[in-house]
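Right, one structure below, let's go through it.
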Amino acid sequence: MFVMRRRVSEKKDGINLVVGAGLSGAVIAERIANSLDEKVVIIDKKNHLGGLVSDYVDRNGFLLSRFGTHIFHTDDKPVWDYVNSFGEFRPYIQKLSACINGIKSNVPFNLDSLYKIFPQSIAERLEYKLLRVFPYDTEVYADDLKIHCDNDFNFLAEYIYNNLSYPLSCKFWQDSRDDLQNSGLPHYFIRISRDNRVFKEKYQGVPVKGYSDLIENMLKNHNIELCLNTDYNYMVAKNFKKIFFTGSIDDCFNYKFGMLPYRSVSFEFSDIDINFYQSDGIMLYPFEFDFAAIHEYKHYQNLNVNKTVISREYHTDFVYGENERACAILTPCNIKLYEQYLLYGKKYRNTFFLGRLGSYKNFTMAEAVKNALTLFDKVYNDETSDDFINQIVNNC
């Protein structure tokens with residue numbers, strides 16, 4: 001059993017500090033402890049590991065994520081092998097649906113969606129035209145449909161925008177967020193195929209025992225001292241060799257230039273005495289209700305019980321002290337503010353920023369892992385990133 005140490009070691013010489021016990025912090029702490037055999041103190045102001053991927057087992061045996069569904073997906077085999085070295089993954093292909101005017105449709109919108117939404121004659125005409133103009137299995141944004149000046153393409157673009165992209169953006173971001181049109185979010189484009197996977201990467205799955213267990217395994221090293229319920233301000237006056245900060249970079253500098261805007265997310269859980277509530281793990285609701293989606297966790301687990309657990313997903317603005325930072329709002333103005341903090345942070349030569357909050361980016365989990373491994377490589381090694389990650393996996 002992993003034991004949390006509450007008292008920071010008295011001797012600080014040669015000890016590194018990692019702020020944040022989420023995925024990024026765990027990776028950098030694990031590498032320092034195992035690869036360099038150096039001491040690491042990792043702190044988190046919360047009382048649990050994992051950040052937004054934190055999970056727990058409820059009284060009925062369901063593994064529940066505090067902040068929604070998290071499927072690990074990547075084409076990067078060294079990253080996949082790395083996370084698998086700390087816990088067994090169950091293969092899982094994410095399927096996503098949306099309720100559009102009472103009709104269940106695939107997300108991303110694809111050729112099958114045409115036949116679910118429109119009369120057959122219209123669906124056949126749209127499919128024929130799409131396959132004539134666009135390469136098979138490509139992903140086409142609504143704006144790219146419009147540039148062809150075709151009435152059918154304009155109709156399809158407007159339908160996707162008005163019935164999927166725009167209403168979901170209003171719930172996720174509180175406006176249409178046109179500057180996110182090329183963000184890769186699956187409700188912004190149509191896929192020219194019948195592939196109904198959300199992610200197309202080769203490696204996809206969920207840890208059998210959850211992400212909190214995975215992170216706990218990363219931190220099982222005598223060189224690592226974990227302190228939960230511990231704020232960074234408590235540690236800042238202490239003398240550490242290096243500091244790796246995975247919190248929001250503006251928080252590190254007491255909001256010297258202002259606060260970086262984020263959206264927050266919360267979940268309302270319900271136990272239901274039926275086998276399954278919905279056919280997919282996530283169902284989006286662009287119009288109906290004030291929540292954006294329903295998650296059903298039983299889809300990701302092998303549980304033979306006539307019960308299920310769902311959670312309703314709500315989006316609001318981040319308010320300091322009231323909720324969690326979930327998604328960076330990546331407008332040009334906000335990115336400029338982040339860069340101002342990053343430039344200021346360069347004054348502190350032994351402090352490094354990483355992770356989705358430290359980098360002000362909306363990383364996938366695989367990107368967060370690769371980001372931490374690459375930073376470790378840059379700070380401590382001259383080898384190329386891919387070769388170095390291969391070396392890490394071989395030594396795990």
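Source: prediction; values computed, not measured. For this chain, numbers begin at 1 and follow the sequence in order.
Here the closest heavy-atom approach between residue Ala326 and residue Ser264 is recorded as CB-CA, 3.9 Å. In plain terms, the two heavy atoms of Leu375 and Phe353 that are nearest each other are CD2-O, 4.2 Å. For the pair Arg312 and Ser270, the tightest heavy-atom approach, listed with the atom from each and the gap, is NH1-OG, 3.2 Å. The minimum heavy-atom distance between Ala21 and Leu226, with the atom names listed, is CB-CD1, 4.3 Å. Nearest heavy atoms, Phe89 versus Gly205: CD2-C, 3.8 Å. Here the closest non-hydrogen pair linking Ala366 and Thr74 is CB-CB, 3.6 Å.
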Please evaluate residues Phe199 and Phe72 with respect to the criterion ring-ring contact (aromatic ring centres under 6.0 Å, His included), reporting the C-alpha separation (whole Å), side-chain torsions for both, the decisive distance (0.1 Å), and the verdict. CA-CA 10 Å; Phe199 311 116; Phe72 200 99; over 10 Å; no

One pair to check against side chain to side chain contact (heavy atoms under 4.5 Å, CB included): Leu260 and Leu337. What are the steps and the verdict? CA-CA 7 Å; Leu260 287 166; Leu337 177 58; 3.7 Å; yes

Go through the steps to decide whether Phe153 and Ile147 satisfy the test side chain to side chain contact (heavy atoms under 4.5 Å, CB included), and finish with yes or no. CA-CA 9 Å; Phe153 285 171; Ile147 63 175; over 6 Å; no

Start with the C-alpha distance between Phe189 and Tyr141, add both sets of side-chain angles, then the distance that settles ring-ring contact (aromatic ring centres under 6.0 Å, His included), and finish with yes or no. CA-CA 4 Å; Phe189 57 80; Tyr141 287 87; 5.6 Å; yes

Could you go through the salt bridge (charged side-chain N to carboxylate O under 4.0 Å, His left out) check for Asp231 and Lys45 one step at a time? CA-CA 5 Å; Asp231 191 84; Lys45 61 184 178 182; 5.2 Å; no

Take Glu367 and Lys361 through the test salt bridge (charged side-chain N to carboxylate O under 4.0 Å, His left out) and record every step on the way to the result. CA-CA 10 Å; Glu367 289 168 343; Lys361 291 182 179 178; over 6 Å; no

For the pair Ile272 and Val309, evaluate side chain to side chain contact (heavy atoms under 4.5 Å, CB included) and give the outcome as yes or no after the intermediate values. CA-CA 6 Å; Ile272 304 177; Val309 179; over 6 Å; no

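Put simply, Phe240 and Phe253 are part of the same group of oily side chains (I, L, V, M, F, W, Y) that touch within less than 4.5 Å, one to the next. Transitive grouping of hydrophobic side chains (ILVMFWY, heavy atoms separated by less than 4.5 Å) brings Tyr115 and Leu126 into a common cluster. Under the 4.5 Å side-chain heavy-atom criterion for Ile, Leu, Val, Met, Phe, Trp and Tyr, Met365 and Met218 are members of the same hydrophobic cluster. By the rule that hydrophobic residues join a cluster once side-chain heavy atoms approach within less than 4.5 Å of another member, Val40 and Tyr380 end up as members of one cluster. In terms of hydrophobic clustering, with Ile, Leu, Val, Met, Phe, Trp and Tyr side chains grouped at heavy-atom distances under 4.5 Å, Ile310 and Ile282 are assigned to different clusters.
Identified under the salt bridge (charged side-chain N to carboxylate O under 4.0 Å, His left out) test for residues 248-262, with sequence neighbours left out: none. Applying the side chain to side chain donor-acceptor pair (under 3.5 Å) test to pairs two or more places apart or on separate chains, none has a residue in residues 335-360. Within the structure, every pair that satisfies the side chain to side chain donor-acceptor pair (under 3.5 Å) test and touches residues 194-204, not counting sequence neighbours, is listed here: His73-Glu201, Asp112-Arg194, Glu127-Arg194, Asp137-Lys200, Asp195-Arg197.
Going from atom CD1 of Ile43 over to atom CG of Leu228 covers 10.0 Å, rounded to the nearest 0.5 Å. To the nearest 0.5 Å, atoms CG (Asn229) and NE2 (His48) are separated by 9.5 Å.
Between Asp273 and Lys307 there is a salt bridge, since at least one side-chain N of the basic residue sits less than 4.0 Å from a carboxylate O of the acidic one. Between Lys171 and Asp290 there is no salt bridge, since none of the side-chain N atoms of the basic residue sits less than 4.0 Å from a carboxylate O of the acidic one. No salt bridge links Arg66 with Glu324; every basic N to acidic carboxylate O contact stays at or beyond 4.0 Å.
Looking at Glu30 and Asn221, their side chains never bring a donor and an acceptor atom within 3.5 Å of each other. Side-chain contact annotation: Glu296 with Thr308, donor-acceptor N/O pair under 3.5 Å present.
When side chains are defined from C-beta on, Glu288 counts as touching Cys99, because their heavy atoms get closer than 4.5 Å. Residues Leu96 and Leu284 meet the side-chain proximity criterion, which asks for heavy atoms closer than 4.5 Å. Looking only at side-chain heavy atoms (C-beta outward), Leu156 and Leu114 come within less than 4.5 Å of each other. With a 4.5 Å cut-off on side-chain heavy atoms, Glu225 and Ile42 do not count as touching. Contact of the Phe67 side chain with the Val53 side chain is not registered, since no non-hydrogen atoms from C-beta on lie closer than 4.5 Å. Taking the side chain as every heavy atom from C-beta outward, Asn223 and Asp37 approach each other to under 4.5 Å. Between Lys129 and Asp150, the closest side-chain pair of non-hydrogen atoms falls below 4.5 Å. By the 4.5 Å heavy-atom criterion applied to side chains, Ile32 and Phe244 are counted as neighbours.
Not counting sequence neighbours, the partners of Phe276 by the ring-ring contact (aromatic ring centres under 6.0 Å, His included) test are His299. Residues forming a salt bridge (Lys or Arg N to Asp or Glu O under 4.0 Å) with Glu158 (at least two apart in sequence, or on another chain): Lys146.
No donor-acceptor pair under 3.5 Å is formed between the side chain of Thr246 and the backbone N or O of Leu354. Side chain of Tyr211 to backbone of His70: a donor-acceptor contact under 3.5 angstrom is found. The main-chain N or O of Tyr166 is never found under 3.5 Å from a side-chain atom of Ser169 such that the two would form a donor-acceptor pair. Gln278 contributes a side-chain N or O that, together with a main-chain N or O of Asp280, makes up a donor-acceptor pair within less than 3.5 Å. Under a 3.5 Å cut-off, the side chain of Asp55 and the backbone N or O of Ser65 do not form any donor-acceptor pair. Side chain of Asp377 to main chain of Leu373: no donor-acceptor pair is present (N/O by atom type, distance under 3.5 Å, no hydrogens or angles). At least one donor-acceptor pair closer than 3.5 Å links the side chain of Ser54 to the backbone N or O of Leu49. A donor-acceptor pair is defined here as one N or O able to donate and one able to accept, closer than 3.5 Å; no such pair exists between the side chain of Asn106 and the backbone of Asn110. Between the Asn163 side chain and the Tyr159 main chain, a donor and an acceptor come within less than 3.5 Å of each other. In this structure, the side chain of Asn323 engages the main chain of Asp317 through a donor-acceptor pair within 3.5 Å.
Tyr285 has its ring centre no less than 6.0 Å from the ring centre of Phe172. If you look at Phe155 and Phe118, their ring centroids are closer than 6.0 Å. Aromatic ring centres of Tyr92 and Tyr300: separated by under 6.0 Å. Aromatic ring centroids of His148 and Phe134 lie under 6.0 Å apart.
Between Tyr82 and Phe86, the ring planes are perpendicular. Angles over 60° get that label, and only those under 30° would be called parallel. Between Phe291 and Phe289, the angle of the ring planes stays under 30°, which puts this pair in the parallel group of the 30/60° scheme.
Other members of the hydrophobic cluster containing Val57, listed by chain and number, are Leu63; membership follows side-chain contacts under 4.5 Å among ILVMFWY residues, whether direct or relayed.
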